[in-house]
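Beneath this line is the structure, given in structure tokens, with notes to follow.
Excluded from the calculations below are hydrogen atoms, water molecules and symmetry mates; all remaining heavy atoms, backbone and side chain alike, are included. Chain letters run A, B, ... following the sequence lines, proteins first and then strands; every chain starts at 1.
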Number of protein chains: 2
Amino acid sequence: MAGGTVSFRYFVLGLLAQRSMSGYDIKRFLKSLSWLIGSPSFGSLYPALHALLKDELVTVKVAPRKGKPPRKIYSITETGRQTLKEWMNQPLTPRAPLKAFAMRLILADNFSYAGLIAHLQQRRDQVAAHHAALEQTTKGGHGKAPLGHHLALDYGSALAIAELAWLDSTLNRLSQSSQQPLPIEVVQSDSTVPTV
Amino acid sequence: MAGGTVSFRYFVLGLLAQRSMSGYDIKRFLKSLSWLIGSPSFGSLYPALHALLKDELVTVKVAPRKGKPPRKIYSITETGRQTLKEWMNQPLTPRAPLKAFAMRLILADNFSYAGLIAHLQQRRDQVAAHHAALEQTTKGGHGKAPLGHHLALDYGSALAIAELAWLDSTLNRLSQSSQQPLPIEVVQSDSTVPTV
DNA sequence: AAGCGCATGTAAAAGGTTACATGATTAC
DNA sequence: GTAATCATGTAACCTTTTACATGCGCTT
């Protein structure tokens, strides 16, 4: 429950903090980046929405459309924003899957500027640690390991290096708020507080 | 059940095909590459072993060690090898997580040479498709998307490109069996056939 | 003597997928 | 008319984690 739980429920809450949506809208959005975080089924999406509603973190507004089945538009509440903030500020456990990091990355707008930097930095540290562990394992099993182990270690290493490179370049880009080579907008710090 | 099921159970079976081990041995091994495939708890590992035993895909040999609690060494059976082969030959579904691919990569020795190439090629196609989808999404939401979406899309793209590069270089290396720049052993074709 | 690493296991709870159920509109 | 897309939801099933339970040997 506590700690860096993946908690799909809170991720959905975070999406609703960006804009009010129906369950179907959320599904469609998740499908577009399913590679990063997977695309959960309705069987887990709708119950998640119902749970958020029960805890009063979101509200619903039924929007009937002549003839068609009505859409249920979910919106985040103030309590919801507060809860989301608390969840976002919990550090991820060292062995949290890539998915957990990606989820928070998508919700980056809910971070303060410093929070986002800290989050990326934390991930950098963890990936570096994992990478070091892989290198260690590679050196440990000298020659006698089966082909598959070599391949997996090499694969993991390549991905870790690529992720580190991305994290470094992104941290760099964010630190220098002077120019943005990529189509990145002005960094927002909070929904209410102006900026640093 | 069918299709490219991740099925931790079969993965464990595959590890036992490489060498006989106890549950604790398996845990230790998995911990070393937890970044790729996670490190499941004993609460799922032991039941998996019991299930394999019940299906007669593995056998146990209790190895008592004077005073110490006895270790249970699991070994794969012929039926087990057969079942494993069938499982390995099922193609992974397009939306199988990275974890599923990595699991089979670790078990690469159970593939035939052609099977391994096909598996890598298949992954290459899928990653390429996902990458194309991400690019499409990036072009779709022109400018109006929140910072987090940009970051996530960019992150996913960077990882996809790195994975494609690794897959290409590995496919290349495997195709040219003349020289091996990396510490890779001679490719085995079958479990029973000696080796070249 | 306290704590840690080895070594195995079970039970409750949480979370997820699959399959089912419903029903309207739009495209072929 | 038949299939696909939109749109919501429930129930059975499977898997996984978490927490508990046990007990030896070594080190501090």
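In this model, the phosphate group of dA7(D) is approached by a side-chain N or O of Arg28(A) to a distance below 4.0 Å at OP1 or OP2. One finds a side-chain N or O of Tyr24(B) lying less than 4.0 angstrom from the OP1 or OP2 phosphate oxygen of dC6(C). Under 4.0 angstrom from either OP1 or OP2 of dT17(D) there lies at least one side-chain N or O belonging to Ser41(B). Considering only side-chain N and O atoms, Ser44(B) lies nowhere under 4.0 angstrom from the phosphate OP1 or OP2 of dT16(D). The shortest distance between the side-chain N/O atoms of Lys27(B) and the OP1/OP2 oxygens of dC6(C) is not below 4.0 Å. Contact annotation: His50(B) reaches the phosphate of dT10(C) (side-chain N/O to OP1 or OP2, under 4.0 Å).
Summarising the geometry, the separation between NZ on Lys72(B) and C1' on dT22(D) is reported as 14 Å, rounded to the nearest angstrom. Taking atom CG of Leu30(A) as the reference point, atom C1' of dT17(C) lies 16 Å away to the nearest angstrom. In this structure, Phe42(B) atom CZ and dA11(C) atom C1' are separated by 17 Å, rounded to whole Å. Rounding to whole angstrom units, CG of residue Leu45(A) and P of dT10(D) are separated by 13 Å. dT8(D) atom P lies 7 Å from atom OH of Tyr74(A), rounded to whole Å. The distance between atom OH of Tyr10(A) and atom P of dA14(C), rounded to the nearest whole Å, is 13 Å. Distance Asp25(B) CG to dC6(C) P: 11 Å, rounded to the nearest Å. Atom C1' of nucleotide dG15(C) and atom CG of Leu52(A) are separated by 15 Å, given to the nearest angstrom.
Closest approach to the Phe8(A) side chain among dG16(C), dA7(D), dT8(C) is made by dG16(C) (side chain taken as heavy atoms from C-beta onward).
In this structure a side-chain-to-backbone donor-acceptor pair under 3.5 Å is present from Ser175(A) to Leu171(A). Between the side chain of Tyr113(A) and the main chain of Leu174(A), a donor-acceptor pair closer than 3.5 Å is present. Glu78(B) contributes no side-chain N or O that, together with a main-chain N or O of Leu57(B), makes up a donor-acceptor pair within less than 3.5 Å.
Under a cut-off of 6.0 angstrom, the local environment of CD in Gln136(A) is sparse, with at most 12 non-hydrogen atoms contributed by other residues, nucleotides or ligands.
The residue Gly43(B) sits close to a base: some heavy atom pair falls under 4.0 Å.
Between the two ends of the helix from dA1(C)-dT28(D) to dC28(C)-dG1(D), each summarised by a five-pair axis, the helix axis turns through 30° (rounded to 10 degrees).
No cation-pi contact links Arg123(B) to Trp166(B), judged by a cut-off of 6.0 Å to the six-membered ring centre and 45° from its axis. Judged by the 6.0 Å and 45° rule, Arg104(B) forms a cation-pi pair with Trp87(B).
Nearest-nucleotide positions on DNA chain C for Arg71(B) and Arg95(B) put Arg71(B) closer to the 5' end.
Aromatic ring centres of His50(A) and Tyr74(A) lie farther apart than the 6.0 Å criterion allows.
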